[in-house]
Protein chains: 4
Amino acid sequence: MGDDKRESIIASALELFRNIGYHNTKVSDIVKAAGIAQGTFYLYFKSKEDLFRQVVEACMDEIVGALDRTPSGSEELDGETVMYRMIRQSLLEYYKNRNVLYLINRHGADSPELSEVCKAYYGKLAQLIIRTLKHYCVFPGYTEEQLEIEAYAKIGMVEKAAYHCFIDKGYGLEQVELVTEVLVGIDCGPCKPPGADGGLS
Amino acid sequence: MGDDKRESIIASALELFRNIGYHNTKVSDIVKAAGIAQGTFYLYFKSKEDLFRQVVEACMDEIVGALDRTPSGSEELDGETVMYRMIRQSLLEYYKNRNVLYLINRHGADSPELSEVCKAYYGKLAQLIIRTLKHYCVFPGYTEEQLEIEAYAKIGMVEKAAYHCFIDKGYGLEQVELVTEVLVGIDCGPCKPPGADGGLS
Amino acid sequence: MGDDKRESIIASALELFRNIGYHNTKVSDIVKAAGIAQGTFYLYFKSKEDLFRQVVEACMDEIVGALDRTPSGSEELDGETVMYRMIRQSLLEYYKNRNVLYLINRHGADSPELSEVCKAYYGKLAQLIIRTLKHYCVFPGYTEEQLEIEAYAKIGMVEKAAYHCFIDKGYGLEQVELVTEVLVGIDCGPCKPPGADGGLS
Amino acid sequence: MGDDKRESIIASALELFRNIGYHNTKVSDIVKAAGIAQGTFYLYFKSKEDLFRQVVEACMDEIVGALDRTPSGSEELDGETVMYRMIRQSLLEYYKNRNVLYLINRHGADSPELSEVCKAYYGKLAQLIIRTLKHYCVFPGYTEEQLEIEAYAKIGMVEKAAYHCFIDKGYGLEQVELVTEVLVGIDCGPCKPPGADGGLS
DNA sequence: CATGAATGAGCCTTCATTCAT
DNA sequence: TATGAATGAAGGCTCATTCAT
């Protein structure tokens with residue numbers, strides 16, 4: 001039952017953060033929406049920012065976790081296919097967690113503490129990408145430094161495209177494929193006709 | 001002399017916003033740093049948010065303007081070279097305006113009004129990119145929709161890479177070339193050995 | 001206990017408004033006098049003006065209510081006696097609510113909203129008087145327009161006299177009779193020796 | 001030319017005070033309307049309140065002066081006629097100075113200093129009325145105290161009626177006679193048919 | 001006399017957090 | 001666990017007044 005309340009707070013908060021922004025959302029709004037008393041909030045969260053951090057962190061962990069499991073170790077895959085799958089998986093995760101996608105992009109990481117959460121998230125993502133790039137020898141000649149830049153660029157690429165498509169344009173799940181094709185296309189640019197690079201199952 | 005004060009306010013504000021965040025910066029902090037009286041602030045800016053918006057908007061206009069002038073009409077260039085130049089130019093602009101790069105990424109666009117500013121900025125960038133992609137037939141078979149996704153992806157790619165390099169890692173101007181190479185490399189992926197694609201003058 | 005606080009705020013506010021004026025009274029003064037915290041004020045009143053309006057409105061309603069009940073329906077009375085009683089009752093009410101009498105006359109109805117409250121109050125009083133004048137055929141030949149002027153004149157007469165006596169001169173309850181005699185005397189002017197017009201018990 | 005500016009300030013101020021209230025009118029509004037610079041205001045008036053006081057005081061002096069001259073000493077008049085003339089004259093003055101009539105009733109006398117101005121005004125009016133009542137033996141048996149109440153009651157009567165007619169109802173000069181008749185009628189009440197008490201030329 | 005940029009004290013209101021019940 | 005009344009620090013903005021030119 002306590003967990004019910006916790007979930008209720010999180011759900012109400014996400015909704016409100018999304019619609020009116022973190023700084024415009026009052027704790028009193030959250031508890032009203034969650035149907036609990038003002039003081040009860042503090043039985044579940046240390047502070048308003050703690051709630052934000054927990055919510056954001058949870059979503060981020062989910063995204064990182066999903067990506068981490070993407071190239072199922074059992075199969076033999078080439079780098080290109082793996083990249084395709086990771087991008088597709090990222091988009092699916094961003095779609096599922098588009099509330100957080102929205103929050104991070106719209107309302108930023110105002111406090112130093114929250115900023116660390118974001119930095120850590122991007123760091124994990126980057127490491128994951130670098131590991132994959134190395135494992136599949138996607139950029140054989142790259143130094144560690146170049147791989148890092150490459151990784152952050154990819155992160156930005158996917159995130160901004162996801163924001164544009166899922167938030168601004170309201171794309172649904174059925175359009176994830178389309179977006180993936182374009183993003184993967186960037187990886188090989190105009191070299192190959194897009195759409196011809198053999199999708200995936 | 002009035003402009004002195006205006007500039008002084010902007011400089012102090014940027015510094016403070018950067019260091020402690022928009023929401024943690026008090027107008028009283030800004031005026032103290034600028035060496036003026038509290039009321040004087042409101043002779044130059046309608047509100048704290050107005051200041052933020054003006055600063056951000058001015059920088060964004062500068063960036064868009066610089067990119068708009070990038071492919072000098074007089075020369076005959078191929079698409080690849082133009083893309084290279086635009087990415088390089090973007091990075092230079094983000095370096096020059098890294099305070100704003102920082103602000104937008106760290107502190108978000110909390111108010112609806114500011115959000116519009118950002119949306120307009122990305123919209124202009126995207127249009128500019130789409131126009132260029134079309135003009136140089138970089139993606140001949142792409143629909144308008146695909147071009148748009150492509151454009152936003154590029155924007156995110158450059159922005160996140162710039163943030164990582166200039167803000168997190170503290171890269172200087174002399175490393176812009178390196179970053180550019182990597183980002184351009186994405187455009188042709190592993191097809192060509194990076195660094196071999198003929199830089200530019 | 002909540003009502004205790006509300007009453008405490010009202011009492012402190014009236015005292016302060018009276019002594020130093022509405023515009024010179026800070027909310028911080030009120031809460032200090034009421035022995036509560038600054039924020040507590042806003043649990044009971046929407047704003048400083050809201051408090052003023054509520055206080056004033058409550059008193060006005062009380063006055064109007066009291067006058068409305070004045071000519072007890074059971075008795076057979078002539079117009080003159082009824083007027084006497086109404087004037088006497090008005091004076092008693094103004095005495096009881098002399099804080100408001102003071103406020104309205106000293107500090108006015110600065111905001112449009114408050115102005116409406118006053119206008120409504122005088123409007124109700126006027127209607128009440130007109131109704132009575134008609135019912136007892138005090139001015140048989142008067143048009144509606146003339147009755148209205150008559151009513152407002154009476155209102156002003158009583159109010160100004162009350163202000164002068166209760167506020168400026170500090171008259172007590174025991175002098176209400178004296179004032180009533182004079183005011184009623186106006187109604188018959190020098191025709192009859194004042195005090196001879198058969199008051200009331 | 002200096003007087004031009006002074007008059008311009010006064011005119012603009014009256015207009016603004018009337019329309020939006022003393023407390024809502026900024027000095028910057030006044031100087032803008034008067035077409036002068038902010039600092040110039042203080043060459044002519046010590047402060048905003050000083051301006052208000054001067055404006056109000058001037059109008060009040062005019063009213064008192066006019067009433068003082070009303071019963072032209074050369075004629076032989078009975079008390080009733082004199083009262084008629086004074087009431088009529090008061091109404092005319094209030095009509096002419098209805099801006100001040102409005103100000104005093106709507107925006108009050110918030111500061112102690114201004115309060116003194118009003119008190120003095122009513123005091124002068126009262127003395128003038130008492131003197132007249134005595135001179136024409138209108139209330140032969142009245143004590144000084146009774147006469148004073150009588151005087152203040154008359155003042156309130158005229159003022160409230162004037163406010164109602166000239167401000168609320170928008171009566172023009174041509175209706176002054178009508179109002180006068182009603183107010184004088186109060187003096188003799190229902191004893192005589194109103195309108196039959198011999199007006200005046 | 002005139003200007004208008006600069007001043008800075010002042011104040012209402014908000015809202016995250018606490019705590020007695 | 002749950003409540004919700006109470007807290008009080010905090011801060012953006014106003015505006016009457018001044019003063020160097």
Side-chain angles (χ1 to χ4, degrees), chain A residues 1-6 22-32 34-52, chain B residues 1-6 23-32 34-51, chain C residues 1-6 23-32 34-51, chain D residues 1-6 22-32 34-52:
Chain A
M1 186 189 182
D3 251 23
D4 270 11
K5 286 215 169 65
R6 209 188 109 90
Y22 174 75
H23 287 285
N24 296 322
T25 299
K26 296 175 254 180
V27 173
S28 67
D29 292 335
I30 297 172
V31 298
K32 212 177 296 163
I36 59 168
Q38 190 92 354
T40 308
F41 179 91
Y42 292 89
L43 295 176
Y44 295 92
F45 299 95
K46 223 172 65 250
S47 66
K48 183 186 164 188
E49 186 183 319
D50 177 50
L51 161 66
F52 190 53
Chain B
M1 187 190 187
D3 252 24
D4 271 12
K5 288 216 166 60
R6 211 190 108 91
H23 287 286
N24 298 321
T25 300
K26 292 174 268 181
V27 173
S28 66
D29 293 335
I30 297 173
V31 298
K32 214 175 296 165
I36 58 168
Q38 189 91 354
T40 307
F41 177 91
Y42 294 90
L43 293 177
Y44 296 93
F45 300 95
K46 240 180 35 252
S47 65
K48 183 183 160 190
E49 185 182 321
D50 178 50
L51 161 65
Chain C
M1 187 190 186
D3 251 23
D4 271 11
K5 287 215 166 62
R6 210 189 109 91
H23 287 285
N24 298 321
T25 299
K26 291 173 271 182
V27 173
S28 66
D29 293 335
I30 298 173
V31 298
K32 213 176 296 164
I36 58 169
Q38 190 89 353
T40 307
F41 178 91
Y42 293 91
L43 294 177
Y44 297 92
F45 300 95
K46 240 181 33 252
S47 65
K48 184 182 159 190
E49 185 182 321
D50 178 49
L51 161 66
Chain D
M1 185 189 184
D3 251 23
D4 269 12
K5 286 214 168 65
R6 210 189 108 91
Y22 173 76
H23 287 286
N24 296 322
T25 300
K26 297 175 253 180
V27 173
S28 67
D29 291 336
I30 297 173
V31 297
K32 212 176 298 165
I36 59 168
Q38 190 92 354
T40 308
F41 178 91
Y42 292 88
L43 296 176
Y44 296 92
F45 299 94
K46 222 170 67 247
S47 66
K48 183 185 163 189
E49 186 182 320
D50 177 50
L51 161 66
F52 190 53

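In what follows, chains are A, B, ... by sequence order, proteins preceding strands, each numbered from 1.
- C/Glu49 places its CD atom 17 Å from the P atom of E/dC11, with the value rounded to the nearest Å.
- Summary of the strand contacts: C/Ala37 and A/Gly35 both lie near DNA chain F, and taking for each the nucleotide with the nearest heavy atom, the more 5' one is attributed to A/Gly35.
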Any chance you could encode DNA chain E as dot-bracket? Rule is Watson-Crick or G-U wobble with both distances under 3.5 Å; [ ] for pairs crossing earlier ones, | for another strand.
.||||||||||||||||||||
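- Note that OH of D/Tyr44 and CD1 of D/Ile36 are 7.5 Å apart. Values are rounded to the nearest 0.5 Å.
- For the pair B/Lys48 and B/Leu51, the minimum side-chain heavy-atom distance is 4.5 Å or more.
- The two residues D/Glu49 and D/Tyr22 come nearest to each other via the heavy atoms CA-OH, 3.2 Å.
- When the nucleotides E/dA2, F/dG11, E/dT13 are ranked by their closest atom to the side chain of C/Val27, E/dT13 comes out on top.
- Nucleotides of DNA chain E nearest to A/Lys48 and B/Phe41 differ in position, and the one nearer the 5' end is that of B/Phe41.
- When all heavy atoms of C/Val27 and C/Tyr42 are compared, the closest pair comes out as CG2-OH, 3.8 Å.
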Look for any protein N or O under 3.5 Å of an N or O in nucleotides 18-21 of chain F and output each such pair with its distance, or none.
none

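- The side chain of C/Leu43 has F/dT7 as its nearest neighbour among F/dC13, F/dT7, F/dT17.
- In this model, the phosphate group of E/dA6 is approached by a side-chain N or O of B/Lys5 to a distance below 4.0 Å at OP1 or OP2.
- For the pair A/Asn24 CG and F/dG12 P, the computed distance is 14 Å after rounding to whole Å.
- Rounded to an integer number of Å, the gap from D/Asp3 CG to E/dA2 P is 11 Å.
- Rounded to an integer number of Å, the gap from NE2 of D/His23 to P of F/dC15 is 13 Å.
- Here B/Tyr44 does not reach the OP1 or OP2 of E/dA5: none of its side-chain N or O atoms lies under 4.0 Å away.
- Straight-line distance from the CZ atom of B/Phe45 to the P atom of F/dG12: 15 Å, rounded to whole Å.
- For the side-chain hydrogen bond (donor to acceptor under 3.5 Å, both in side chains) test, no residue two or more places apart in sequence or in another chain qualifies with D/Gln38.
- Scanning both residues, D/Phe41 and D/Ile30, for their nearest heavy atoms gives CE1-CG2, 4.4 Å.
- In this structure, the CZ atom of D/Arg6 is 12 Å from the P atom of E/dC1, given to the nearest Å.
- Taking atom NZ on B/Lys32 and atom P on F/dG12, their separation rounds to 11 Å, with Å as the unit.
- For D/Lys26 and F/dT17, the NZ to P distance is 15 Å, given to the nearest whole Å.
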